[in-house]
Amino acid sequence: EELTRHFYTPLGEIEWEGFTTQQQLTYHQALECDFKPMPTGTKWGAKWEYGWFKGYITLPEEAVGRRIVLRIDVGGESAIYVNGRNAGAKDNEHNEVTLTMSGTPGEQYQILVEAYAGHGPRIVRTGPTPPDRVTVPEPGPTQAVVGTSTYGIWEEDVYQLWLDVQTLFEIRENLDPDSLRVAEIDAGLKDFTLIVDFELPYEEMMKTIRAGRERIKPLLECVNGSTAPTLFAFGHSHIDVAWLWHLAETERKCVRTFATQLALMEEYPEYKYLQSQPHLYMMVKQHYPELYERIKEAVRKGQFIPEGGMWVEADTNISGGESLIRQFIHGKRFFMEEFGVDSKLCWLPDVFGYSAALPQIMKGCGIKYFSTQKIFWGAYTGGDPFPYNTFIWEGLDGSEILVHLHNDYNSRTNPATLIKRWNERVQKDGMATHLVPFGYGDGGGGPTRDHLEYLRRTKDLEGVPRTRICHPLEFFYDLEKRGSTNNRYVGELYFQAHRGTYTSQARTKLGNRKSEVALREAELWGVAAKSFKNYNLPSQTLDQAWKLLLLNQFHDIIPGSSIQRVYEEAEADYQKIISTAQQVAQEAAVQLLDESSAQAITVFNSLSWNRKAVVTLPKDFRGAVSADGQSLPAQESEDGVMVEVEVPSCGWTTLYPAEPEKV
């Protein structure tokens, strides 16, 4: 506890000027706005509002040769720019951004911060709610307060000693207390408490800090025996495309998260970080091109991992089969075109159950592996426990996919957690490895330095499973080398916990299905018109409409688990999709009409089977004949002439006026 109080020594405060806005601004656009003084204690931030803050730092003499960090507190999750560059973020788990690894007195920095005030309390769970109680109360005129922001010295030696001590202490807490390993750790930790003296003047205290590290260093060099399991680990920050926040805030979450992770990659060259959803990359590419170029460079170095298969981590129960195929087509295509990566893994750690059709769809789209952890959540509602971590998943048509279920997509990496990750596996036999995605998530953020420092210590440390930072595909390749599993599960992977996802937000579900049907109609008639009449099919327009539909099939949008604004935006998107699709379908259908006859009427059938139907024709049709000369039964009505016509599947029939036949 005392060590943590010596990590940071402030050198000075940052004085802020700022403004608030609901617009999404770039760094350069923000600089052009009118900044006014916003000192510590300033209240700001209406619902949905963002604040931009600007300040300056000049390093003093005390900074010479030292690691200097920022501790920013302007009242909300914050993206931090240093001299125009995305340097990192302040969020619930990330409190420091490194300014320089070796300070130079007189060096100047411009700090620009974009912070989100919020939209009221974020409530995930609630009990019974009487009529007079508001579950999610509206926020007041301001939600955030400018806190104290400082820059100062980061005491790396103290931080490293704390990690050493914490690592050893957690190991001894999880081993046989009578073992020699625990006895030796205890001796080392007792010596540490006698060597390190916090009551000495600074320079002398720091000598004891370094001496303490030397004393326990041999204990951190003890390695495992030959039967220790291996944990394949990679950084991860689950980012819900929408949930307790709206889409525009998700874009800012991406900026904050990706900048933080890129900064970690610069300091830890062994670090690898998975981000699965192409839509998130596309948002950053469109609005933050400089950051996107840094991401592409990190991908080339093998540190930033674009892998996951789908356009977004989509619901698989309500989304139609064609939509699921498009999720993979668009997702894989984006990764290939942008990064040269052929995605092989379907990564859906938080989706609410998995359709039995998925193995067939995955296999057909070139996906070989699947991973989630959500299925294990079913047990907390009293559901049946799932029996396997690793198994062959067999779909309805017999297609097979190799699956590994991990246990937590937001895992920590301290020794106690790594030991827990291994012990909580449900499959005790025939398993020597386990997948461990680590880092804070749901609202982004990702790993911290703590995660990576612990993993440096636990590569092969006696008492903890071996750890290996790697691409998730390396885990599956290793699994295949070890031999195929005999475990098999056939059919739907039913999720027993998040029930009600078929019934909540019914308008959204209706909009989704109508959009799926409308896009099918547009493509059906559009391709027919292109083939027969050289119609200029607006492929880009349809591509954008499909991606908008796929976006809203995200697993916290279409199942109905997000906030109100998300559904207002989704319903507006569906209207846009349907309108676009209907316009294309209408334009294409017109191309297919018989231009030689002004009186001809064409009947279209988009169903996958022949259809016999009664059609009402204008009154100037006394009867009708089909294109092949066949007279059709007809009967006059108030609105015109009713004829019975048979239309082929996915096709059309053209009718011409004729004398009526006897019915």
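The model shown is predicted, which means the values in this text are computed figures rather than measured ones.
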Quick one, [X] and [Y] - any side-chain contact, counting heavy atoms below 4.5 Å?
| X | Y | answer |
| --- | --- | --- |
| V223 | L461 | no |
| L473 | K368 | no |
| V82 | Q110 | no |
| Y273 | M265 | yes |
| L247 | L551 | yes |
| R326 | W311 | no |
| E492 | N317 | yes |
| R466 | K459 | no |

Not counting sequence neighbours, list each pair that qualifies as a salt bridge (Lys or Arg N to Asp or Glu O under 4.0 Å) and has a residue in [range].
| range | result |
| --- | --- |
| residues 470-484 | R468-E474, D478-R482 |
| residues 439-451 | E156-R449, E267-R449, R449-E453 |
| residues 358-367 | none |
| residues 92-102 | R71-E96 |

Other residues, nucleotides and ligands only: do more than 12 of their heavy atoms fall within 6.0 Å of [atom1] on [X]?
| X | atom1 | answer |
| --- | --- | --- |
| E290 | CD | no |
| E221 | CD | yes |
| K296 | NZ | yes |

Are any side-chain N or O atoms of [X] and backbone N or O atoms of [Y], one a donor and one an acceptor, separated by less than 3.5 Å?
| X | Y | result |
| --- | --- | --- |
| S343 | G308 | yes |
| Y27 | Y288 | no |
| S323 | S319 | no |
| N389 | Q427 | yes |

Q: With ring pair (Phe, Tyr, Trp, His ring centres under 6.0 Å) as the test, would you mind laying out the steps for H94 and H451 before giving the verdict?
A: CA-CA 12 Å; H94 298 85; H451 288 90; 8.1 Å; no
Can the ring centres of [X] and [Y] be said to be less than 6.0 Å apart?
| X | Y | result |
| --- | --- | --- |
| Y8 | W154 | no |
| H471 | F234 | no |
| F335 | Y281 | yes |

Check side-chain contact (heavy atoms from CB on, under 4.5 Å) between [X] and all other residues, then give those that pass, not counting sequence neighbours.
| X | result |
| --- | --- |
| S276 | E313, W347 |
| T541 | P538, T580 |
| R520 | L524, S606, S608, C650 |
| K374 | D350, F352, Y354, T372, W377, F495, H498 |

Can you label the angle between the [X] ring and the [Y] ring as parallel, tilted or perpendicular, going by 30° and 60°?
| X | Y | result |
| --- | --- | --- |
| H119 | Y116 | tilted |
| W245 | W243 | perpendicular |
| H404 | F475 | tilted |
| Y292 | F339 | tilted |

In plain terms, say whether [X] and [Y] are close enough for a salt bridge, that is, a side-chain N and a carboxylate O under 4.0 Å apart.
| X | Y | value |
| --- | --- | --- |
| D91 | R256 | no |
| E249 | R252 | no |
| E337 | K332 | no |
| E170 | R412 | no |

**Q.** Steps toward ring pair (Phe, Tyr, Trp, His ring centres under 6.0 Å) verdict (W162, F7)
**A.** CA-CA 9 Å; W162 172 76; F7 289 171; 5.6 Å; yes
Atom [atom1] of [X] and atom [atom2] of [Y]: how far apart are they, to the nearest 0.5 Å?
| X | Y | atom1 | atom2 | result |
| --- | --- | --- | --- | --- |
| K420 | S411 | NZ | OG | 8.5 Å |
| R456 | Q160 | CZ | CD | 8.0 Å |
| L244 | R565 | CG | CZ | 14.0 Å |
| I361 | S399 | CD1 | OG | 10.0 Å |
| L455 | L418 | CG | CG | 6.5 Å |
| H406 | L231 | NE2 | CG | 13.0 Å |

Q. Under the side chain to side chain donor-acceptor pair (under 3.5 Å) criterion, do D556 and S562 qualify, and how do the steps go?
A. CA-CA 6 Å; D556 272 312; S562 291; 5.2 Å; no
(Q) Would you say Q553 and E516 are linked by a side-chain donor-acceptor pair, where the criterion is simply a distance under 3.5 Å? (A)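 Note: E516 and Q553 side chains meet the donor-acceptor criterion.
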Q.
I'd like to know if the side chain of T467 pairs up with that of T458 as donor and acceptor (distance under 3.5 Å, no hydrogens or angles considered).
A.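 On atom types as modelled, these side chains qualify, holding a pair under 3.5 Å.
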Q: Applying side chain to side chain donor-acceptor pair (under 3.5 Å), run through D240 and H555 and close with a yes or a no.
A: CA-CA 8 Å; D240 282 321; H555 66 259; 3.2 Å; yes
By salt bridge (charged side-chain N to carboxylate O under 4.0 Å, His left out) - contacts of [X] (at least two apart):
| X | answer |
| --- | --- |
| D408 | R421 |
| D315 | none |
| K90 | none |

Q: Step by step, work out the ring pair (Phe, Tyr, Trp, His ring centres under 6.0 Å) result for Y574 and Y567.
A: CA-CA 10 Å; Y574 292 135; Y567 296 103; 9.7 Å; no
Q.
For Y268, give me all partners under ring pair (Phe, Tyr, Trp, His ring centres under 6.0 Å), at least two apart in sequence or on another chain.
A.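 Ring pair (Phe, Tyr, Trp, His ring centres under 6.0 Å) check on Y268 returns nothing, list empty.
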Q | Among H434, R425, Q373, side chain to side chain donor-acceptor pair (under 3.5 Å) partner for N407 | A |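 When H434, R425, Q373 are each tested with N407, the side chain to side chain donor-acceptor pair (under 3.5 Å) holds only for H434.
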Q) For N414 and T417, what are the C-alpha separation, side-chain angles and deciding distance, and is it a side chain to side chain donor-acceptor pair (under 3.5 Å)? A) CA-CA 5 Å; N414 54 303; T417 299; 2.8 Å; yes
